[in-house]
Amino acid sequence: MPKALPAQVASVIKFSWVDGPGNRFVLFLQGCNLNCLACHNPQTIPLHTPGAISMSIDEVLNQIRQSMPYISGVTVSGGEATVQLEFVAQLFRELKSCEEFAELTTFIDSNGNATQEIWDQLAPCTDGVMLDLKALDDEKHRELTGNSNKQILESIKYLDSINKLYEVRLLLVPGHNDSDNELIDTAFWLRSINPKMRIKINAFKTHGVRALARNWPEASDADLARYKTIMN
Ligand code: SF4
């Protein structure tokens with residue numbers, strides 16, 4: 001099979017404890033199909049940008065090789081990882097087929113805005129997906145991301161049904177998507193799909209966001225305590 005084109009890469013982290021289970025090598029790809037007001041890395045939204053690094057499959061595998069003694073897996077994040085589908089699928093297929101990488105797990109950090117056909121290509125070589133849900137209400141989702149959440153809700157259901165959904169992540173922004181009713185509805189909907197759904201709450205911080213969201217309030221410890229009480 002011909003090699004996928006080189007990926008447009010925003011950055012690489014050789015060891016991370018916050019991008020999936022265990023200690024992980026993380027590849028942050030350029031390109032996103034949402035446009036979130038609260039995006040902490042808006043420079044990753046365009047696929048091509050002067051700051052991007054072009055990396056081949058072999059170059060990424062070489063970097064993973066160097067991290068091998070210290071990692072339990074590889075996560076591809078973004079931007080939106082599935083925008084560069086061919087590259088991710090081929091990278092994960094290589095990891096799964098080479099004996100030297102056999103112990104590594106493969107995870108995707110996704111905004112969920114991907115079709116079932118895309119997940120079907122990735123599922124055979126992907127151990128788990130961490131999926132962000134910005135709002136359950138479609139109108140609110142459009143306000144926050146510029147897009148409908150229809151595809152994202154379908155992705156949550158589909159990935160759960162094929163046992164590939166590792167967790168759903170909620171970025172909660174005070175006054176924008178964190179009312180008691182929104183949290184209750186979201187928890188209820190997620191648990192109606194799978195009562196054991198892993199839900200991770202991320203607190204909004206202004207670091208890195210664009211001008212429009214720079215004056216939004218950050219989530220406080222009291223906010224976080226309220227989120228946890230309601231969602232559990
Ligand atoms: S999905 Fe993620 S990378 Fe894309 S715009 Fe939203 S926050 Fe940024």
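Hydrogens, waters and symmetry mates play no part in the numbers below; they use all other heavy atoms, side chains included. Each ligand, and each atom within it, is numbered from 1 in the order the structure gives. Each residue takes its place number in the sequence, starting with 1.
Among protein heavy atoms, atom 2 (Fe) of ligand 1 sits closest to K134 NZ, 4.3 Å.
In this structure, Q43 contributes its side chain and A52 its backbone to no donor-acceptor pair below 3.5 Å.
In this structure, E154 pairs ionically with K157, as a charged nitrogen and a carboxylate oxygen lie closer than 4.0 Å.
Partners of D180 by side-chain hydrogen bond (donor to acceptor under 3.5 Å, both in side chains), not counting sequence neighbours, listed by chain and number: R226. Every residue two or more places apart in sequence or in another chain that forms a side-chain hydrogen bond (donor to acceptor under 3.5 Å, both in side chains) with S179 is listed here: E182.
Applying the ring-ring contact (aromatic ring centres under 6.0 Å, His included) test to every pair with at least one member in residues 170-210, sequence neighbours left out, gives these pairs: H40-F204, H176-W216, F204-W216.
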Assess the residue pair F107 and Y166 against the criterion (ring pair (Phe, Tyr, Trp, His ring centres under 6.0 Å)); give the C-alpha distance rounded to whole Å, side-chain angles, the decisive distance to 0.1 Å, and a yes or no. CA-CA 9 Å; F107 274 67; Y166 178 70; 5.1 Å; yes
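Around atom 4 (Fe) of ligand 1, the protein N, O or S atoms found under 2.8 Å comprise C32 SG.
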